[in-house]
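A quick write-up on the structure given underneath.
Reminder, nothing fancy here: chain letters follow the sequence lines and each chain counts from 1.
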Amino acid sequence: MTLVAESVKDQRDYLTQLDAAIGDGDHGVNMDRGFDAVGKALAGQDGSVPPGKLLTLAGKTLVSTVGGASGPLWGTAFRRAGRALGDGEEFDGQDLLRALRAALEGVVELGAAQPGDKTMVDALGPAIDALGAALDAGEPLDRALAAATEAAEEGARATVPLQARKGRASYLGERSIGHQDPGATSAVLIVAALQRAVEREG
Amino acid sequence: MTLVAESVKDQRDYLTQLDAAIGDGDHGVNMDRGFDAVGKALAGQDGSVPPGKLLTLAGKTLVSTVGGASGPLWGTAFRRAGRALGDGEEFDGQDLLRALRAALEGVVELGAAQPGDKTMVDALGPAIDALGAALDAGEPLDRALAAATEAAEEGARATVPLQARKGRASYLGERSIGHQDPGATSAVLIVAALQRAVEREG
Amino acid sequence: MATVATPMKKLLNDPAEVVKESLAGLAAAHGGLVRYDAEAQILVRANPAADKVGLISGGGSGHEPMHGGFVGPGMLDAACPGEVFTSPVPEQMLAATKAVDSGKGVVHIVKNYTGDVMNFKLAAEDALDEGIDVESVLIDDDVAVQDSLYTAGRRGVGATVLAEKIAGAAAERGDDLGTVAGIARLVNEKARSYGVALSSCIPPAAGSPIFDLPDGEMEVGIGIHGEPGRERRPLGSAGEIAELMIEAVVSDLAPADGAAVLPFVNGMGGTPQLELYLLYGEIERRLRNRGLRPERRLVGSYITSLEMAGASLTLLELDDELTALWDAPVDTPALRWGA
Amino acid sequence: MATVATPMKKLLNDPAEVVKESLAGLAAAHGGLVRYDAEAQILVRANPAADKVGLISGGGSGHEPMHGGFVGPGMLDAACPGEVFTSPVPEQMLAATKAVDSGKGVVHIVKNYTGDVMNFKLAAEDALDEGIDVESVLIDDDVAVQDSLYTAGRRGVGATVLAEKIAGAAAERGDDLGTVAGIARLVNEKARSYGVALSSCIPPAAGSPIFDLPDGEMEVGIGIHGEPGRERRPLGSAGEIAELMIEAVVSDLAPADGAAVLPFVNGMGGTPQLELYLLYGEIERRLRNRGLRPERRLVGSYITSLEMAGASLTLLELDDELTALWDAPVDTPALRWGA
Ligand SMILES: Nc1ncnc2c1ncn2[C@@H]1O[C@H](COP(=O)(O)OP(=O)(O)O)[C@@H](O)[C@H]1O
Ligand SMILES: Nc1ncnc2c1ncn2[C@@H]1O[C@H](COP(=O)(O)OP(=O)(O)O)[C@@H](O)[C@H]1O
Ligand SMILES: [Mg+2]
Ligand SMILES: [Mg+2]
Ligand SMILES: [Mg+2]
Ligand SMILES: [Mg+2]
């Protein structure tokens with residue numbers, strides 16, 4: 001989670017630029033404010049708290065600090081993922097896969113975005129599919145997550161030619177074409193951070 | 001008078017720039033609006049109207065169309081000059097000298113500016129002195145007016161190093177130093193136009 | 001004097017604190033009307049109204065006086081300000097809802113933006129869990145956005161101000177929850193808006209303009225978040241812009257012939273009143289030429305995008321009841337009459 | 001859509017017609033309050049007050065809502081708008097004076113600028129010739145200008161708004177010519193102002209900013225005509241700017257310890273309310289720390305320089321009578337309460 005916070009902070013201005021192009025220029029600031037708060041909230045927890053609970057707490061914190069569209073969306077995603085992981089001390093690839101699927105479902109329930117609408121869904125979806133495929137192919141979790149990160153990056157890049165159909169960017173109509181979606185980009189940061197975290201645990 | 005109108009129109013943006021530097025950037029527009037109106041007012045007059053009457057009408061028109069500081073000041077100047085010329089069909093150098101002195105008195109009465117306060121007075125004063133000196137030296141009127149124009153130009157240039165003590169420019173305190181006074185500059189235009197007019201009559 | 005390493009051309013301290021500090025200043029300036037609850041991040045009436053339907057709204061900051069300037073007798077009971085151009089969070093709406101509920105339920109005026117809709121939705125669910133009846137009214141009057149499967153739907157803009165004033169009067173006279181919400185929805189149905197920007201604006205946290213607009217060009221079909229509009233065009237004369245706005249709203253609203261209307265000419269923040277009234281003159285004349293009857297009007301910068309230069313037209317088709325509710329007394333920092 | 005070969009970022013038609021067209025729009029928007037006499041180039045009350053001392057003011061345009069926005073019951077009887085940043089001409093003041101005189105005489109509120117003073121002077125002489133008693137009140141509250149032999153004297157700025165409101169209330173309650181003028185002069189004596197600019201502004205006729213101000217710098221000690229101030233400094237924080245303004249006005253006004261005061265925090269036109277209220281919060285807190293008691297307040301863009309970004313502080317020391325007159329009902333396009 002700290003890793004997410006760090007990379008969000010690094011990328012804050014980049015996310016904001018992306019949002020300025022097709023949105024209202026606050027995505028980076030929103031995400032940064034949110035994950036700052038998450039960092040503080042988790043700092044208050046002792047080591048014994050299971051990952052699922054931490055994710056749920058992170059989700060609640062995002063909902064109550066980010067605002068905008070990404071707050072409820074990412075907040076719901078983390079809460080659903082946390083709930084899916086439950087109280088287990090540990091989680092394996094399949095647990096993680098289930099958790100991410102639950103997260104995506106939550107996002108779609110709330111935001112009703114279809115693949116190709118130029119949203120975070122276009123990065124999350126491919127990442128999850130790649131993770132599942134890699135795990136089915138017997139890849140170890142860290143390699144599988146590397147594949148997921150790549151897929152997320154591709155997915156985010158693939159939003160460039162798309163015309164937005166959801167969120168603020170949709171107001172631009174065809175003018176939204178040619179810009180990468182900020183939310184999809186923060187999805188990449190989150191998946192990549194997850195990968196690095198798992199790598200560290202080794 | 002038409003000549004004044006023309007040169008004011010030519011110099012309109014220059015006057016406005018000067019006023020933007022140490023005032024509020026409207027002097028050119030003000031003078032242009034005023035002399036436009038003067039042109040229209042005089043156009044309504046038949047040729048028989050004596051010069052003094054024309055000047056008086058011009059002054060009234062300036063007062064009622066220019067506004068700002070220069071409106072009442074130039075308006076009064078022209079009215080006083082007109083009154084000094086009276087109903088005479090013709091005027092000679094001495095008449096003109098008296099008229100210009102009356103104009104300057106009117107400006108000083110209304111605006112209480114001293115020489116060196118960085119105002120139109122600093123161009124009008126020297127011009128009148130030069131005209132008087134040249135006439136006393138027996139110069140013909142057109143040559144005397146050429147001398148007056150030169151003196152006005154010098155006077156206007158000499159306002160550059162001065163600190164304004166009257167009008168808007170005085171609010172700038174020392175920051176008014178280094179800029180030529182707009183009103184002094186329009187004084188040059190007016191004296192020069194007068195010179196050209198007399199030359200034409202030949 | 002030390003410089004601040006913060007946005008150019010802005011009066012502020014820490015960009016992260018702009019909203020909080022500004023709310024504190026608003027409450028200090030209008031202590032008789034509004035109170036700032038810093039903990040809950042909401043503005044509530046200084047003298048809460050007992051025993052009436054509650055009316056709250058909220059949204060990103062940077063649109064002042066909307067919404068905080070509309071809290072007071074005859075209009076809102078509370079406002080939930082988010083960060084600049086960012087929807088507030090559910091906790092704020094929940095706190096405001098609880099603060100203003102007198103048992104008769106609470107109406108949420110929600111501008112149609114993905115973020116606002118989602119956050120208000122989560123808040124409404126929480127309020128329901130706490131046993132408070134909530135009616136959410138969605139405002140989506142911006143005709144620049146084609147309402148279709150291909151967008152998030154029309155944005156809520158100028159009609160928000162009119163709905164808050166008119167529904168506020170209905171709540172004040174004692175209408176019940178369904179009626180107040182119904183009147184707010186009627187205003188939304190009868191109003192259309194269209195906006196034009198002549199410059200962008202500078203969100204304090206970003207510190208630079210969201211887009212830049214060369215002289216002699218304008219963005220048409222803009223919203224209120226400094227976002228670019230549907231299209232960029234050469235700058236038109238005030239008359240041409242008036243015609244553009246009127247055509248956009250009238251063709252979509254299709255008011256009855258000779259209908260009584262309320263034209264609301266709104267400044268985006270950076271447009272001087274000198275220009276705004278000039279534009280109003282152009283608009284009123286053209287409306288009359290189309291056989292419409294401006295019987296009420298509102299001209300001023302009431303729903304803004306920080307210092308953006310530009311203006312929007314909101315046209316509301318009036319009936320006798322809407323007119324009477326518009327005329328009812330209102331006493332807020334930004335709108336006041338009959339009080 | 002055809003472009004207009006006119007100033008960038010402005011909503012207008014012909015720059016030469018801006019003022020006239022804007023006045024027509026103002027009258028259309030507020031027909032119940034003001035009437036535009038296009039021939040005389042003045043704004044008068046829609047319902048002239050019979051049998052009271054008349055109160056008029058005037059000056060260059062570009063400062064809206066001042067003065068036209070202050071015409072109405074409880075404030076001005078008429079306003080004389082000049083071209084942008086250019087004093088009106090004597091004919092206008094004479095026409096306004098004749099229009100509002102009910103035999104009890106007319107007070108002229110004149111801001112201390114060479115042009116305004118001279119044009120009002122010529123008008124007052126003409127009015128006298130027509131047998132109308134005129135009392136001229138000179139407003140010169142700007143402490144940024146050292147009042148001395150070396151300047152045209154202090155400029156009239158924010159105190160003008162307060163003097164027009166308070167003297168307007170005195171005239172409305174029936175005070176005679178000398179008393180109304182005396183109260184206006186008292187307001188001027190008891191008020192001081194100081195302004196700061198974060199950007200210049202664009203006069204329509206000029207089409208470009210009067211000066212330009214790099215990011216991160218500010219002009220301190222500005223007037224209201226987009227002219228540069230006394231000095232350029234690095235941009236300060238809102239707190240630092242509040243301190244600068246307060247120190248300037250308080251040290252010059254030297255109010256009694258614990259005096260009741262009215263802080264008027266005025267936006268220059270292009271500064272968003274978000275920032276203006278933030279600044280107000282900083283100012284009120286600091287005034288209290290100095291033992292002064294803000295008992296009335298005014299926050300908003302009431303005397304502007306077109307779209308200039310910046311703000312000014314006007315501090316008025318109150319007594320019971322000034323407070324009562326401030327509270328009296330006023331019903332104008334820009335200031336309204338108790339009505
Ligand atoms: N309906 C939706 N479903 C999924 N994601 C969405 C939806 N609407 C917006 N988003 C995502 O949210 C991002 C914008 O977030 P942010 O800028 O923080 O909020 P806002 O648009 O309210 O300013 C977009 O880039 C997009 O990826
Ligand atoms: N008291 C005064 N006496 C003489 N001339 C003056 C005085 N005050 C101002 N002026 C002249 O008026 C000029 C400015 O005129 P203008 O810009 O048209 O009016 P304003 O200053 O009202 O905008 C100055 O350049 C100066 O020459
Ligand atoms: Mg955004
Ligand atoms: Mg000038
Ligand atoms: Mg946002
Ligand atoms: Mg001027």
Side-chain angles (χ1 to χ4, degrees), chain B residues 12-13 15-17 19-34 36-37 60-76 79 106-107 109-114 116-119 162-176 179 183, chain D residues 15-16 41 58-60 62 80-92 94 113-123 142 144-146 148-155 200-211 219 221-232 305:
Chain B
R12 166 192 157 135
D13 294 349
L15 293 173
T16 293
Q17 279 166 30
D19 196 37
I22 60 173
D24 58 352
D26 62 355
H27 185 58
V29 182
N30 294 349
M31 295 293 284
D32 187 29
R33 184 175 55 248
D36 249 17
K60 288 212 171 91
T61 310
L62 290 175
V63 168
S64 58
T65 55
V66 176
S70 48
L73 289 165
W74 279 122
T76 304
R79 278 157 87 170
V107 167
E109 252 177 51
L110 189 59
Q114 308 284 330
D117 283 354
K118 196 174 185 126
T119 71
L162 297 175
Q163 173 169 340
R165 294 215 201 78
K166 285 275 182 285
R168 241 178 242 305
S170 68
Y171 304 138
L172 289 174
E174 293 176 349
R175 288 177 85 183
S176 64
H179 304 275
Chain D
Q41 271 301 301
C80 309
E83 288 300 317
V84 172
F85 294 165
T86 301
S87 150
V89 300
E91 274 83 345
Q92 290 170 272
L94 180 60
Y113 298 95
T114 304
D116 297 56
V117 171
M118 291 180 182
N119 285 284
F120 266 103
K121 180 165 176 286
L122 297 180
D142 184 355
V145 177
Q146 296 323 314
S148 80
L149 297 170
Y150 301 106
T151 70
R154 288 180 165 177
R155 295 172 289 223
S200 182
C201 60
I202 307 170
S208 54
I210 293 181
F211 59 88
E219 286 275 340
I222 53 146
I224 54 170
H225 297 82
E227 65 267 65
R230 291 306 304 274
E231 201 187 318
R232 189 166 289 194
S305 281

Quiz prompt | Structural part of D:Ile210 lying under 4.5 Å from a heavy atom of chain B | solution = both

Quiz item: For B:Ala112, is it the side chain, the backbone, both or neither that has a heavy atom under 4.5 Å from a heavy atom of chain D?
Solution: neither

Quiz item: Which answer fits D:Tyr113, side chain, backbone, both or neither, if we ask what part of it has an atom under 4.5 Å from a heavy atom of chain B?
Solution: both

Quiz prompt | Whether B:Lys118 side chain and B:His179 backbone form a donor-acceptor pair below 3.5 Å | solution = yes

Exercise. Kindly compute the distance separating CZ (B:Arg168) from OG (B:Ser176), expressed to the nearest 0.5 Å.
Key: 14.0 Å

Quiz item: Side chain, backbone, both or neither: which part of B:Ser70 has a non-hydrogen atom closer than 4.5 Å to chain D?
Solution: neither

Quiz prompt | Which of B:Asp13, B:Asp117, B:Leu172 touches chain D most, by non-hydrogen pairs under 4.5 Å | solution = B:Leu172

Exercise. Please flag which part of B:Val63 lies under 4.5 Å from any non-hydrogen atom of chain D: side chain, backbone, both or neither.
Key: both

Practice problem: Please answer whether the main-chain N or O of D:Ser87 pairs with a side-chain N or O of D:Asp116 as donor and acceptor at a distance below 3.5 Å. | Solution: no

Quiz item: Nearest 0.5 Å, what's the NE2-OG distance between D:His225 and D:Ser305?
Solution: 7.0 Å

Exercise. Taking B:Ser64 for its side chain and B:Lys60 for its backbone only, find out whether a donor-acceptor pair lies under 3.5 Å.
Key: yes

Quiz prompt | Pairs of heavy atoms under 4.5 Å with chain B: top-ranked of D:Arg155, D:Gln92, D:Glu231 | solution = D:Arg155

Quiz item: Could you state the interatomic distance from CD (B:Gln163) to CD1 (B:Ile22), rounded to the nearest 0.5 Å?
Solution: 11.0 Å

Quiz item: Side chain, backbone, both or neither: which part of D:Glu219 has an atom under 4.5 Å from a heavy atom of chain B?
Solution: side chain

Quiz item: Which answer fits D:Pro228, side chain, backbone, both or neither, if we ask what part of it has an atom under 4.5 Å from a heavy atom of chain B?
Solution: both

Self-check item: Between B:Val29, B:Thr16, B:Asn30, the one whose heavy-atom pairs under 4.5 Å with chain D are most numerous
Solution: B:Asn30

Practice problem: To the nearest 0.5 angstrom, please state how far the OG1 atom of B:Thr76 sits from the CE atom of D:Met118. | Solution: 8.0 Å

